[in-house]
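Below is one structure, written out as structure tokens, with a few remarks after it.
Chain identifiers are assigned alphabetically (A, B, ...) following the order of the sequence lines, protein sequences preceding nucleic acid strands; residue numbering begins at 1 within each chain.
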Amino acid sequence: MNKIFETPMYPYTRSPDQDAPVPVRHQVVIIGAGPVGLAAAIDLAQQGVDVVVLDDNDKVSFGSRAICFAKRPLEILDRLGCGQPMVDKGVEWDVGKVFFDEREVYTFDLLPEEGHRRPAFINLQQYYFEEYLVDRVRELQKEGANLDLRGRNKVSAVGTHPDHVTLEIDTPEGSYNIEADWLIACDGANSTLRAMLGKDFVGRVFEDNFLIADVVMEADFPTERWFWFDPPFNRGQSALLHKQPDNVWRIDLQLGWDIDKEREKRPENVIPRLKAMLGDDIDFELEWVSIYTFQCRRMEQFRHDRVIFAGDAAHQVSPFGARGANSGLQDTDNLCWKLKLVLDGKAPETLLDSYDVERVHGADENILNSTRSTDFITPKSDTSRLFRDAVLDLAEQYEFARPLVNAGRLSVPCTYDGSPLNSADALAGPARTRPGSPCLDVPLGDGFLLQELGDRFTLLTIDAEAPDEIVEDGVTVTRLALSVKDDPTLALKERYLGDAESGVYLIRPDQHVAARRATYDDNLFRAAIRRATGKE
Amino acid sequence: MSDLTLTPNIDNADDFYADLLEAHEGLEKSDSEALNARLILILANHIGDRQVLSQALNAAAFKMEE
């Protein structure tokens, strides 16, 4: 079988930079062509920034890895022009089942809210995810974007200066140097750049191992997330079964701490475990097997002058809750518009400190949730296990205990409460669209609201008057005029007005709310624009 | 928000105490512990008020209120 992740997607080719007499300066260099690095590159290239992506490999992710993508990252991908292929290929799911010992304890339905363009979740192998991002890179290159993706380019040294970064890069044809105004490190949990700069990465190590297997089989398991606590086929441990495209099933088996990893990975040891789980009569083929351990930790700061860390390089969580790649995409979503304003001289460099504030807040939220899930799934003491089992036993009989079952709190977008870019809430509107929140989607005729927002500052007016365009200190804000009548489902009213008669929202290029009031006030909105661009 | 009740509040306290012991009668230690854990969760859910629950956790640990 020809596996996509064994084919070079961006093979090494010689760059003119390697023959330049002096190191070439680029606006932005990104290290790492994983989901986060590629998303950053696309975001910046779409805005006309000169971007180089360096990766020491030339292939997409080996194995399925991050498989579960939530609605907010899909909305970000729509803004990046590549949400549709992901959703077309991905498997949608809403239902989860929880098993304890030999019994099904309960079933949950995520019951996604109506009137959103994108589903609550899709499952998609990371290698497809990265392939579609690379496709988008190629598309932008054809359109003339100043975007270069360089495979087998390994950073071997970095030099930091007040206004730029220098890099030494090893290639199959020797090494060369380049310079960058800004460097974004997206080189994963084992970030070499973080190590080169000697930055700390502090947190909690979990003494546990998980076997992950991608299994190809024709099976009639439904498209649901199945999670087992202490099942007969993996006593004292947990297990997860989740469907991916192409009849590939993802299986995670907790193994405990004291194991021989190499031995456990061998097919002769993996296959009996899987047969015990799936039954003897199911034919399957192993596509990929890996063993992982995990940690919950983050860097103290994500911005270090001209070097900015994003994704797993900046923060690492346990896999429960799908908060790794999903939060990494929210990092670049947050960063890229700010970097563009700074590069254009339209905002002070200190605007980038708000990336630190907002995404550290996001990382802490993810670490908290994923640590709690881990403590439930892998109790650390006899008492912890006692309560865990009590919750599971009660959940089978009584509804009240079901919210306490924690097999992963699935990724939801972060609201930047308390961000220095927010203006005080001046609308008696719904809490979930308060300043700091990501905008909620709403059906509008043949399309959706989020398709109309993003990549620029927007002034959304709902049954309110305002100028069609405001320019404040170089930053242009374009009005989107709507009426509650534009949405017969009344989602626009319910999500943005509540009991208010009218509303005016200042929306950032990453579709987060910066300010809102009932009516337009020129002075106050100009102040809000300055505040949202780091000038107040 | 209300406060945790730490004054006598159970009618016929001796009867309740006897019921509590009877529920554990004849159980292995591990089953008894599991019963207690379920009981704590059921009672906590019935109380619901997070402030009262925090006060109860502190009171049980003999921690003085801040």
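- Within a 6.0 Å radius of CG in B:D11, other residues, nucleotides and ligands contribute 12 heavy atoms or fewer.
- The environment of B:Y17 atom OH is sparse: at most 12 non-hydrogen atoms of other residues, nucleotides or ligands sit within 6.0 angstrom.
- Enclosure of atom CG in B:D19 by more than 12 non-hydrogen atoms of other residues, nucleotides or ligands within 6.0 angstrom is indicated.
- Heavy atoms from other residues, nucleotides or ligands lying under 6.0 Å from CD of A:E300 number 12 at most.
- Other residues, nucleotides and ligands place more than 12 heavy atoms under 6.0 Å from the OH atom of A:Y292.
- Residues of residues 28-46 of chain B that come closer than 4.5 Å to chain A, counting heavy atoms only, are B:E33, B:A34, B:A37, B:R38, B:I40, B:L41, B:I42, B:N45, ordered by residue number.
- No more than 12 heavy atoms of other residues, nucleotides or ligands sit less than 6.0 Å from atom CG of A:D382.
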